[in-house]
Amino acid sequence: MLRKLYAWTMALAARKAAAWWLAIIAFVESSFFLVPADVLFVPMVLARPKRAFLYAAIATVASVLGGILGWMIGHYAFETVAKPVLALYGKLDTFDELAASVNWETILLLLVTSGAAHLPPIKVVTILSGVANFSLFWFTVSAVVARGARFFALAWLLNRYGEEMRHFIEKRLSLITGIAAILLIAVYLAYHFLR
């Protein structure tokens, strides 16, 4: 099943409309969607390495705009929109824990870590930033830096080592998925217990 999903994603990544899909997924990921844009971004860059930095720019801009929407949802519509969305994804408890111990520096740190590594999920932090009335200007600056660094670093790595990386991924897809899941869990646990 994992190989079929990989093949489908690679086929989608090579389509003409892939850039639009990347923009849509990056936008909605930052405010309410569960699937990260990387799921489409990585195969798109592997399928068309010459467009790596264009795709990074599209993903960054769309992600930042989606983050601003998340901030607005948190700031203006927490009870009516954000709370049900967070509850739907099972993130309301995480949100409540973060909201109880948040200050300016914490939000800035969370924006950088979630923007660069999805820990905690970016949608939780964008909504939290709006609820906490974090400066929209600094929110936008930190989102551009963190999301831009993530997508442009990935674009450079995939552009530089793309074909080798593609073969490596295709041969060891299950192993890579397992290791990535273990690393994400380890980082989350370290963050959770060391804060």
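All values below were derived from every heavy atom in this structure, side-chain atoms included, with hydrogens, water molecules and symmetry-related copies excluded.
In terms of heavy atoms, R147 sits closest to S63 at NE-OG, 2.8 Å. Of all the heavy atoms in A23 and A62, the pair that sits closest is O-CB, 3.2 Å. Contact record, K50 with N159: N-OD1, 4.4 Å, taken as the closest heavy-atom pair. What you find for F139 and G67 is that their closest heavy atoms are CZ-O, 3.2 Å. The shortest heavy-atom contact between A52 and V45 is CB-CG1, 3.6 Å.
Rounded to the nearest 0.5 Å, atoms CG (L22) and CD1 (I58) are 6.5 Å apart. Taking CG of L158 as the start and CE of M44 as the end, the distance is 12.0 Å to the nearest 0.5 Å. Taking CG of L157 as the reference point, atom CZ of R160 lies at 10.0 Å (rounded to 0.5 Å). T60 OG1 to F41 CZ: the interatomic distance, rounded to the nearest 0.5 Å, is 7.5 Å. Atoms CD1 and OG1, from I68 and T140 in turn, are 4.0 Å apart once rounded to the nearest 0.5 Å. How far CD1 of I73 is from OG1 of T80: 9.0 Å, rounded to the nearest 0.5 Å.
Judged by distance alone, with hydrogens and angles left aside, the side-chain atoms of W71 form a donor-acceptor pair with the main-chain N or O of F134 at under 3.5 Å.
At least one side-chain heavy atom of Y55 sits under 4.5 Å from a side-chain heavy atom of R48. Between Y76 and V81, the closest side-chain pair of non-hydrogen atoms is not below 4.5 Å.
Under the 4.5 Å side-chain heavy-atom criterion for Ile, Leu, Val, Met, Phe, Trp and Tyr, V64 and W20 are members of distinct hydrophobic clusters.
Here F78 pairs with F95 under the ring-ring contact (aromatic ring centres under 6.0 Å, His included) rule; sequence neighbours left out.
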